[in-house]
Amino acid sequence: MDTQDSFPQRVYQIIAAIPEGHVTTYGDVAHLAGSPRAARQVGGVLKRLPEGSKLPWHRVVNRHGQISLTGPDLQRQRQALLSEGIVVSGDGHIDMERYRWNY
DNA sequence: GCATTGACGTCGG
DNA sequence: CCCGACGCCAATG
């Protein structure tokens with residue numbers, strides 16, 4: 001067990017705390033993780049997510065309320081969000097005023 | 001330990 | 001409103 005609350009581990013906990021049907025931004029997660037300027041790192045960590053992680057990484061979008069991913073990954077995230085009852089445009093636009101969540 | 005990368009954010013034109 | 005450039009910070013090689 002890693003008693004060290006390293007950055008990625010904190011990110012995991014924060015994302016795991018996002019209620020279903022809601023989303024948050026990389027900047028918010030980074031801020032909650034203790035580094036408000038490490039928004040890139042949040043994405044970097046999620047990109048290299050270890051296999052088996054059940055984290056709802058699809059509930060994390062950029063501050064524009066749009067999915068930052070591209071290609072098949074974008075569509076995968078979009079489908080996941082739709083499955084949670086979140087309305088997502090074909091380009092990945094989400095109504096942040098309605099779904100944005102923060103601790 | 002150094003150099004490169006990147007699922008972001010903010011500013012300027 | 002759209003595009004380009006810079007900055008930030010931690011992970012990865």
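Throughout, protein chains are lettered first and strands after them, A, B, ... in sequence-line order, and every chain is numbered starting at 1.
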Query raised in the report: Reading nucleotides 8-13 of chain C 5' to 3', which nucleotides get B (base under 4.0 Å from a protein heavy atom), which S (sugar-phosphate only), which -?
Result: BBBSS-
Query - Heavy-atom side-chain proximity of Val11(A) to Val29(A) below 4.5 angstrom - result: yes
Requested in this report: Figure out the CH2/P separation between Trp57(A) and dG6(B), and round it to whole Å.
Outcome: 17 Å
**Report entry** Separation of dG6(B) P from Lys47(A) NZ (nearest whole Å)
**Finding:** 5 Å
Query raised in the report: From Leu69(A) CG over to Leu74(A) CG, what is the distance, rounded to the nearest 0.5 angstrom?
Result: 6.5 Å
**Report entry** Rounded distance (Å) that lies between atom C1' of dG6(B) and atom CG of Leu69(A)
**Finding:** 12 Å
Query raised in the report: Does His64(A) or Leu49(A) map to a spot on DNA chain B nearer the 5' end, using the closest nucleotide for each?
Result: Leu49(A)
Query raised in the report: Hey, is Asp28(A) close enough to Arg63(A) for a salt bridge, meaning N to O under 4.0 Å?
Result: no
Query raised in the report: Would you say the side-chain atoms of His58(A) and Glu84(A) include a donor-acceptor pair closer than 3.5 Å?
Result: yes
Requested in this report: In whole angstrom, give the distance that lies between atom CG of Leu55(A) and atom C1' of dA7(B).
Outcome: 14 Å
**Report entry** Results of side-chain hydrogen bond (donor to acceptor under 3.5 Å, both in side chains) for Asp95(A) - residues two or more places apart only
**Finding:** none
Report summary line: Rounded to the nearest 0.5 angstrom, the CZ-NE2 distance for Arg98(A) and His22(A) is 10.0 Å
Query raised in the report: Separation of Arg63(A) atom CZ from dT10(B) atom C1', in whole Å?
Result: 8 Å
